[in-house]
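Notes follow the structure.
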2 protein chains.
Amino acid sequence: MPPLVHRHPLAAQAAEILLARIRAGEWALGHKLPGETTLAAQLGVGRSTMREAIRELAGKGVLDSRQGAGVFVTALDVAEDWDAVLGRATVGAVIEARIAIEAEAAALAAHRRTPTDLRAIRRALAARALGDPDVEFLVDTDTAFHRTVLVAAHNDVLIELFDSFVPRVHRAMTDMLRARPITAPEEDQAAHLALVDAIADKDASAAAELSRAHLTALKEALS
Amino acid sequence: MPPLVHRHPLAAQAAEILLARIRAGEWALGHKLPGETTLAAQLGVGRSTMREAIRELAGKGVLDSRQGAGVFVTALDVAEDWDAVLGRATVGAVIEARIAIEAEAAALAAHRRTPTDLRAIRRALAARALGDPDVEFLVDTDTAFHRTVLVAAHNDVLIELFDSFVPRVHRAMTDMLRARPITAPEEDQAAHLALVDAIADKDASAAAELSRAHLTALKEALS
DNA sequence: ATACCGCGCTCCTCAGACAAGTAGACTAGT
DNA sequence: ACTAGTCTACTTGTCTGAGGAGCGCGGTAT
């Protein structure tokens, strides 16, 4: 979907063909490709064009060229970043994954939260309470609050996962809130306060359960 | 660690400098860079070299050049693939994330598993039981079993996450098992059978709890 | 058997030229 | 005044030819 109306330059076409041949297993993992002059002749393009195609694949981490030695295959396919994966998945599937990590993170946070963590969580909760009518502001402060819980869990992997999931859900949340605003803001805020209290009390199972309940409701609203 | 003993060609250096300037915010997200000739003159390299640098960043998804218009910024930084993130994290942190997704997946599988899923899970469990002394085989069959549970959860995001985590944990598991083999294989197999039964009985909370207990034990062993 | 050297192959870099495409300015017609 | 068409300057795309630099292999002398 990036091109649509975007003629492919020869270099890009050459890169595609080359990648296809690598995927097809024409050259094994550490093996050497034919020289650029040979490849250029095979595809019927100039050397510089061929070099640019190789550079593009080198940028993707598929090829590595060493002066004097040749061009070598360093990966049989491009490494997919999670934005690409999340783009293919449904919002429901993403939120289910979010439930998994946030519930676990809440439980971990109940064990590991420091006084500093707790202060940050409470501050984020207070910011969330400011009854701003702007939907964007509402979603952002809510996201910021949830993130402080993740930070309190002290697990880098979970934080990275959270940061990846949020942008995917953000749009869906704003659209949903614009169409159907929160009916009872006080009730919503109270639910979040209960989560904070559970973390403060080091009650891991309660924290996990409250987090799960909140996100499950969100999932229902978005599906 | 990729370079180590690997002189950087001019094109690679130019790409690095360019990326640094983009990261520094010199050009905003959709904005246009100076022309190739201008940039080449700025960095003191030939235009072909500059073009290769641009192509490399285009391969990383940071730049996009359109004939007649110019070169445009499409991302303010390279998208990180999860192998890089997981490489920085500790094995303990990765397993904690694995606990999060596998426990949730077990619960979802208890609800959504089809008869076909159940057959696949039982087949994988049986393969696991073959008391092969080879550690590699043991880890692989165990991984394959856990994956069938993920598949039964019918959530693509969770499966992708699992597939990403496994290679990171694989090495640690084989090393651990080689140093200290399983003392009671029958007991271990029984624990897995209990998980299967819970999924078959559609007992979500039991499935989640059994999965969590099993992986927590693994985490203790590996930390 | 080992150490050294040379040679061919490969990638790296540059310069110049022309083609192809875009976008804004300019102009003519309504 | 507004719109449509054209024109032009600037940009990226492609090719060619040339020389430089590094690597690896085989030959040779010790």
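Labels below follow one simple rule: chain letters A, B, ... track the order of the sequence lines, proteins then strands, and each chain is numbered from 1. Computation of the quantities below employed the complete heavy-atom set of this structure, encompassing side-chain atoms and omitting hydrogens, waters and symmetry-equivalent molecules.
Rounded to a whole Å, the NE2 atom of B:H8 is 17 Å from the C1' atom of D:dA21. Residue A:L33 contributes atom CG, which lies 19 Å from atom P of C:dC9 at whole-angstrom precision. Taking atom CD of B:E36 as the reference point, atom C1' of C:dG16 lies 15 Å away to the nearest angstrom. Put simply, NZ on A:K32 is 9 Å from C1' on C:dC9, counting in whole angstrom units.
Nearest approach of B:A153 to B:R112, heavy atoms of both residues: O-NE, 3.2 Å.
For DNA chain D, the residues of residues 63-71 of chain A within the heavy-atom distance limit of 4.0 Å (strictly under) are A:Q67, A:G68, sorted by number. Of the residues in residues 45-58 of chain B, those with a non-hydrogen atom less than 4.0 angstrom from any atom of DNA chain D are B:R47, B:R51.
Proximity of a side-chain donor or acceptor of A:T74 to a complementary backbone N or O of A:V62 within less than 3.5 Å is detected. Looking only at distances, no side-chain donor or acceptor of B:D142 sits under 3.5 Å from a matching main-chain atom of B:V139.
Closest to the side chain of A:P9, from the set C:dT13, D:dT14, C:dC11, is D:dT14.
Annotation: cation-pi geometry satisfied between B:R66 and B:F72 (NZ/CZ under 6.0 angstrom from ring centroid, within 45° of ring axis).
Checked by atom type, the side-chain pair B:E102/B:H214 shows no donor-acceptor distance below 3.5 Å.
Atom CG of B:L10 and atom CG of B:L43 lie 10.0 Å apart (nearest 0.5 Å). For the atom pair CD (B:E36) and OG1 (B:T49), the distance works out to 11.5 Å, reported to the nearest 0.5 Å.
Between B:H146 and B:H192, the distance from one ring center to the other falls under 6.0 angstrom.
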